[in-house]
Amino acid sequence: MEARDKDLNRIGEIGTWIKMDLVIRYCQQGTWRILVRDRTPQAQLLQRGGGIIVWQDGVDFPIFTGQIEFFQRYWTVEQHTGAGSVFASGKCDNKLAYGRLAFPDPSKPVGQQYQAKDSRGASGPAGQALWWELDHAIGSKALADRQVTGVDVGANPLVGDAVADSLRFDVLGTKLEEWCKAKNVGYRFVHDPDRKRIVLDSSHRGTGARPCASPPSWETCASTPGR
């Protein structure tokens, strides 16, 4: 495991902890949490606003990345004595899709959505529909105040079965879950450390370009004791 700063730079390895838990959810928001001793190099790396990058032996791309959303220092008279401990947790980078709504007209600001039609259609290969929504919600095609710095949704993947759906203020992440389950497509947002970008990785289910783009189950859990 490595730490990243708020600008997506790799800042060091977290090789020692008291406990670490990962929950990797396919095409959903995974979660993570880690407990380390305070006043250690590991605690210093877990700075607020940064995040984590998790690697797997033999895999040349991260299997899980996410931002720190909760950070706490604490002490107890029994277990976390002396310098105390640092607890940090958060969600995986798929949370980006859950912070946006599928507006009836993505080209209009929030205050003008009443001028749009009640709903709009989404059609085409599921990978293309998924990519289009994300590009117009947080990517380069989104309005300037909705774009997320450091995110790259890439090119149209043109994968998956056909989608024919209607959108009206749906939570985008929830809608994408439906498409992924029904339309033979998968996606994840993951930090590319070399490019210093959070990139969209999408593929046919079962033929993911990278490990963990299409795991065998919808949820994979890992709990690791101290090391």
Side-chain angles (χ1 to χ4, degrees), residues 8 23-32 51 62 64-69 90-192 197-205 208-210 212-215 218-219:
L8 303 181
V23 179
I24 303 174
R25 294 190 174 100
Y26 183 53
C27 304
Q28 300 177 48
Q29 293 186 95
T31 60
W32 65 273
F64 185 100
T65 62
Q67 185 178 0
I68 295 174
E69 299 179 24
K91 299 182 180 68
C92 75
D93 287 320
N94 280 1
K95 76 169 191 172
L96 289 166
Y98 293 82
R100 291 289 189 269
L101 299 178
F103 286 143
D105 187 346
S107 68
K108 295 182 183 297
V110 175
Q112 296 179 14
Q113 289 300 315
Y114 71 92
Q115 300 174 358
K117 297 180 179 179
D118 287 344
S119 63
R120 63 178 171 84
S123 60
Q128 173 179 286
L130 181 154
W131 166 82
W132 193 97
E133 294 298 332
L134 291 169
D135 198 24
H136 286 76
I138 61 177
S140 61
K141 300 294 194 305
L143 296 181
D145 63 349
R146 304 193 74 219
Q147 295 178 14
V148 178
T149 302
V151 171
D152 183 3
V153 302
N156 184 349
L158 288 172
V159 296
D161 300 335
V163 163
D165 208 342
S166 179
L167 303 175
R168 185 179 187 274
F169 296 109
D170 300 86
V171 175
L172 195 51
T174 304
K175 177 56 67 175
L176 300 186
E177 286 182 35
E178 296 176 14
W179 292 353
C180 289
K181 286 183 178 180
K183 300 301 180 181
N184 196 35
V185 70
Y187 87 99
R188 65 173 179 156
F189 277 109
V190 64
H191 179 193
D192 183 335
R197 292 287 187 273
I198 295 175
V199 299
L200 175 65
D201 181 17
S202 57
S203 65
H204 275 292
R205 283 187 66 189
R210 297 183 176 118
C212 286
S214 53
W218 283 87
E219 179 172 298

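- Counting all heavy atoms, side chain and backbone alike, Pro104 lies closest to Asp118 at CG-O, 4.1 Å.
- Panel note: side chain His191, backbone Pro62; no donor-acceptor pair is recorded below 3.5 Å.
- Of the residues listed (Asn94, Asp201, Val199), the one engaging Phe189 in a side-chain contact (heavy atoms from CB on, under 4.5 Å) is Asn94, and it is the only one.
- Residues Leu158 and Trp131 have side chains not in contact (no heavy-atom distance under 4.5 Å, counting atoms from C-beta outward).
- With sequence neighbours left out, the side chain to side chain donor-acceptor pair (under 3.5 Å) criterion links Asp93 to Arg4, Thr65.
- Asp105 has its side chain within reach of Gln113: a pair of non-hydrogen atoms, C-beta onward, lies under 4.5 Å apart.
- Within the 4.5 Å cutoff, no side-chain heavy atoms of Lys181 are placed close to those of Cys27.
- Checked against Tyr98 for a side chain to side chain donor-acceptor pair (under 3.5 Å), the options Lys91, Gln28, Glu177, Gln29 give a single hit: Glu177.
- No side-chain heavy atom of Pro157 sits less than 4.5 Å from a side-chain heavy atom of Leu130.
- Of the charged side-chain nitrogens involved, none lies within less than 4.0 Å of a carboxylate oxygen, so that Glu133 and Lys175 do not count as a salt-bridged pair.
- Side-chain contact check for Leu134 versus Leu176: some heavy-atom pair is nearer than 4.5 Å.
- In this structure a side-chain-to-backbone donor-acceptor pair under 3.5 Å is missing from Arg197 to Asp192.
- Applying the side chain to side chain donor-acceptor pair (under 3.5 Å) rule to pairs touching residues 141-159 yields Gln128-Asn156, Asp152-Arg195, sequence neighbours excluded.
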